[in-house]
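Here the structure is a predicted model, which is why all the values come from computation and not from measurement. Convention: sequence-line order gives letters A, B, ...; per-chain numbering from 1.
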Amino acid sequence: DTGVSQDPRHKITKRGQNVTFRCDPISEHNRLYWYRQTLGQGPEFLTYFQNEAQLEKSRLLSDRFSAERPKGSFSTLEIQRTEQGDSAMYLCASSFGLDGDEQYFGPGTRLTVT
Amino acid sequence: TQLLEQSPQFLSIQEGENLTVYCNSSSVFSSLQWYRQEPGEGPVLLVTVVTGGEVKKLKRLTFQFGDARKDSSLHITAAQPGDTGLYLCAGARDNYGQNFVFGPGTRLSVLP
């Protein structure tokens, strides 16, 4: 399978704990995006990378959130001191970065903060 | 404020019926994409439209981009239960596709 993969698929954590999610994009893609999706809503942009450079961050990305893409391949999204409001589906997508920029999504990580 | 609005929010129809869902905005987009998402999974890209007035067909699905590139529609002919899902439109606000904006989606249920 050469699509976008995410790990873990599900994560349950207690409020105040730190969590880290991983995304492996399609190998030829140089752009990688993180989104958050809550029930009944479309995905909301969090941040994106062009190769290893983080080029844009949403105001939704508070200082408890950090994302890295150290070698321009896989990416991690860490949430520190989780809150119940962080419960959501976290989606990763990748693209070639061309005009039209077709994004291909992974299956997502469902986070539940208790 | 939603940059992209989708209607209807929910739609339940019988197998074999036709339907149209809409994606509207007051903003101009350089390109617009339609995705279908099933519960617990990520969105799956269906089509990208980039030219005002463009019409694309994908088997029983017909996608149209408005002349002013502010709106789009998705028409499904002879819907099947396998078409059930959340249909999302997403607009790119510049030619490099940064910061895609998604609509809230139309949840379609096709009953056998």
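Between A:H29 and A:Y104, some side-chain heavy-atom pair lies under the 4.5 Å cut-off. Residues A:W34 and A:F45 have side chains not in contact (no heavy-atom distance under 4.5 Å, counting atoms from C-beta outward). Under the 4.5 Å side-chain criterion, counting only non-hydrogen atoms from C-beta, B:L58 is in contact with B:F63.
Neither the backbone nor the side chain of B:Q9 comes within less than 4.5 Å of any heavy atom in chain A. Heavy atoms closer than 4.5 Å to chain A are found in the side chain of B:L86, but not in its backbone.
Taking the centre and axis of the six-membered ring of A:F74, the NZ or CZ atom of A:R22 falls inside the cone set by 45° and 6.0 Å.
Ranked by heavy-atom pairs under 4.5 Å with chain B, the list A:E44, A:R110, A:Q37, A:M89 is led by A:Q37.
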